[in-house]
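Have a look at the structure below before the remarks.
Just so you know, these numbers come straight off a predicted model, no measurement behind them. In this chain, residues are counted from 1 in sequence order.
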Amino acid sequence: MKSVHINQMGYRPHDIKKAVIPEKSASFCVLRVCDEESVYEGTAGEGVEYAVGGESVRVADFSGITDVGEYMICAGGKRSHAFKIGDDPYAGLRTALLDFFNFQKCGVDVECGTWSHPACHAEPATVYGLPIKKDVSGGWHDAGDYGRYIVVAAKAVADLLFANELAQKRDDNLLDTVWFELEWMLKMQDEKSGGVYHKVSCHNFNALNEMPHHEKNELVLSPISATATATFAATMALASRSFPQKRDELLNVARRAWAWCIANPDAPNFANPEGITTGGYGDRDDKDERFWAACALFAATGESAFHEFIKASEIYTGLGWANVGTYGIVSYLYHARQFSDVQLAARMKDALHTLCKKIMHEYRIDPYGISLGDDYKWGSNMTVANNAMTLLLARPFAQLSEEYTQAAWEHLHYLLGRNPLSQSYITGFGANPPKYPHHRPSEAVGAPMPGMVVGGPNKFITQDPALKEYCEGNPPAKCYIDHAHSFAGNEVTIYWNSPVYFMAAVLGV
Ligand code: G3I
Ligand code: 9MR
Ligand code: ZN
């Protein structure tokens, strides 16, 4: 295994460039690959004891190398993977991150090279416990499994739409890509009550090597939940800005979902009903989802009823699937400006600032330039990307906006290999990407589909059989194994790709 770590895709000529090397070597050199000539010799920073990686390391800054070429870092007789310095070292990455959403399409023929397949899961689903069927075809498969779940769809859509609004250059196909998911979400709303079904899936997960069109078991709509209904309302209100020609329809369904939320203030938290064992996405608290919905609806309409709700609410934060408050804050601060309450806006900025302060504190003391501390849990790579996204969203209200941008870059370098395992966490990219993601089409074909962000290190190693077998005794940042059975570390999801796509779009990758 490598012990000299870099972003395996490389760096642009004028970027800050840092490698992480073992502590025992105080000096390092930069080798040019074509002739193995050393083009730079430098002294690394102070040694740092890095408990979460179970190692002592130094940071080696080689930003001075600006000539285009292919290089390796060497230190103490060890070499990094080869990487590029060039104007477009990340070519193809952003497109692949977005293409993933089209490859995850359900209910239609999917053209995707060796992973292509005919339409799947197109038959109507049974409403749980009732002799009723409903058409809910379409949308994206959530992950390595074929369930389709509303709360995470909302996160993925929001990340992509915010990315589109803030991108240095927009992707032409982004809105078409997102619309496919929105059309499915629209079908998940109950016409009568305005409530939204939590998810659609079979009763149980199918075999790991089964292609989508081979899963033929009965599809079931799990009950309506408050988190699904509120995040649906928020997403539709947000989308009404991106799809002006559909504005009335989207706002209308958002209002109906909101009315359901108001009529059901004490709706129980979602838990899988008896007989359903697929992903639960249960949540202890639906208050932050309601907060986001009110903020998004207020930003879209300017109506005082939504404003009053927000004023009476606590301010919530988070960009995860269970904590979504930051989406609300950003909706309010970016898009409700002409109606907004200055004091409330100031409180929201404070909440954002507190979050960023913590992220920046962890970032500054971490040799790998990320902000997890020791918070390596299921989907840790999402937390890495969400933290970068939080900083990028906070820039207009921050004094340190340039440092925030740099911190976001360092988070991207981590995901592309500058980490204790020298592991790129994106399939198909970098010298050492995941080859065995927990992703059914990849297992069925026997090759990893490219452009997928895997969950990443998870110190709770009893959560899957492969982590348990291979990562016993590892420090948190090294609790990762590139094994198809590792669903708690090596699965992929739409909502892990989406914040990384956000980073790529906003950083201009
Ligand atoms: O945050 C807590 C931490 O405080 C606690 O100490 C620790 C130990 O119990 O757990 C941490 O929470 C974990 C949580 O993820 C963090 O987000 C839970 O243990 C862990 O069970 C939970 O895992 C979720 C997993 O489903 C199981 O429910 C993942 O977040 C979630 O991404 C994942 O989602 C699955 C879907 O169900 C099905 N489709 C694939 C998808 C990805 O694996
Ligand atoms: O494939 C499933 C994955 O999408 C889930 O995240 C994970 C946890 O809920 O479960 C996976 O399915 C496994 C199941 O839980 C246990 N038997 C093996 C399944 C993988 O083939
Ligand atoms: Zn399908």
Given Asn7, Asp15, Asn419, the one that forms side chain to side chain donor-acceptor pair (under 3.5 Å) with His413: Asn7
Ring pair (Phe, Tyr, Trp, His ring centres under 6.0 Å) evaluation trace for Trp140 with Phe180: CA-CA 8 Å; Trp140 305 317; Phe180 188 81; 7.7 Å; no
Other residues, nucleotides, ligands: >12 heavy atoms within 6.0 Å of Lys133 NZ: yes
Qualifying residues under side chain to side chain contact (heavy atoms under 4.5 Å, CB included), relative to Glu123, sequence neighbours excluded: Leu219
Residue pair Asn217 / His203, side-chain heavy-atom distance below 4.5 Å: no
Pair Asp375 + Lys377: basic N to acidic O under 4.0 Å: yes
Lys199 (side chain) donor-acceptor with Thr278 (main chain) under 3.5 angstrom: yes
Close side-chain approach of Arg395 and Leu392, heavy atoms under 4.5 Å: yes
Check: Arg170 side chain, Asn164 main-chain N or O, donor-acceptor pair, under 3.5 Å: yes
Side-chain (Tyr90) to main-chain (Gly10) donor-acceptor, under 3.5 angstrom: yes
Pair Trp179 and Phe243, ring centroids less than 6.0 Å apart: yes
Donor-acceptor contact present, side-chain His439 to main-chain Glu491, <3.5 Å: no
Asn490 side-chain N/O to Ser486 backbone N/O, donor-acceptor pair under 3.5 Å: no
Indicate every side-chain donor-acceptor pair of residues 143-153 with a distance under 3.5 Å to a residue at least two apart or in another chain.
residue, atom, partner, partner atom, Å
Asp145, OD2, Gly147, N, 3.3
Asp145, OD2, Tyr149, OH, 2.7
Tyr146, OH, Glu210, O, 2.6
Arg148, NH1, Val136, O, 2.8
Arg148, NH1, Gly138, O, 2.9
Tyr149, OH, Gly279, N, 3.2

Test salt bridge (charged side-chain N to carboxylate O under 4.0 Å, His left out) applied to Glu443 and Arg440, step by step: CA-CA 5 Å; Glu443 272 296 288; Arg440 283 171 171 70; over 6 Å; no
Within the 6.0 Å centroid threshold, strictly below: Phe103 and Trp115: no
Lys84 to Tyr11 six-membered ring, cation-pi geometry met (6.0 Å, 45°): no
Under 3.5 Å donor-acceptor, Asn386 side chain and Leu319 backbone: yes
Side-chain ion pair, Arg347 and Glu314, N-O less than 4.0 Å: no
Ser401 (side chain) donor-acceptor with Ala398 (main chain) under 3.5 angstrom: no
Thr326 side chain near Thr317 side chain, heavy-atom distance below 4.5 Å: yes
Heavy-atom donor-acceptor pair, Asp464 side chain to Ala488 backbone, under 3.5 Å: yes
Test item: Arg255 and Glu303 side chains (from C-beta on) under 4.5 Å apart, heavy atoms: yes
Ring centers of Tyr332, Tyr327 separated by less than 6.0 Å: no
Minimum side-chain heavy-atom gap Thr229-Phe232 below 4.5 Å: no
Flag side-chain contact, heavy atom, 4.5 Å: Ser331 against Phe162: yes
Any donor-acceptor pair under 3.5 Å from Asp135 side chain to Pro124 backbone: no
Atom NZ of Lys187 with >12 non-hydrogen neighbours under 6.0 angstrom: yes
Test applied, ring pair (Phe, Tyr, Trp, His ring centres under 6.0 Å); reference residue, Tyr480; option that passes from Tyr376, Tyr436, Tyr425: Tyr425
Within-4.5 Å side-chain heavy-atom neighbours: Phe101 and Ser498: yes
Check: His121 ring centre within less than 6.0 Å of His141 ring centre: yes
Sequence neighbours excluded - side-chain hydrogen bond (donor to acceptor under 3.5 Å, both in side chains) pairs with any residue from residues 234-245: Glu165-Arg241, Arg241-His335
Check: Val196 main-chain N/O paired with Gln189 side-chain donor or acceptor under 3.5 Å: no
Centroid-centroid distance, Phe339 to Phe298, less than 6.0 Å: yes
Modelled atom types, side-chain donor and acceptor of Gln406 and Glu410, under 3.5 Å: yes
Phe100 and Trp496 aromatic centres sub-6.0 Å: no
Sole candidate of Phe397, Tyr404, Tyr363 that passes side-chain contact (heavy atoms from CB on, under 4.5 Å) when paired with Cys356: Tyr404
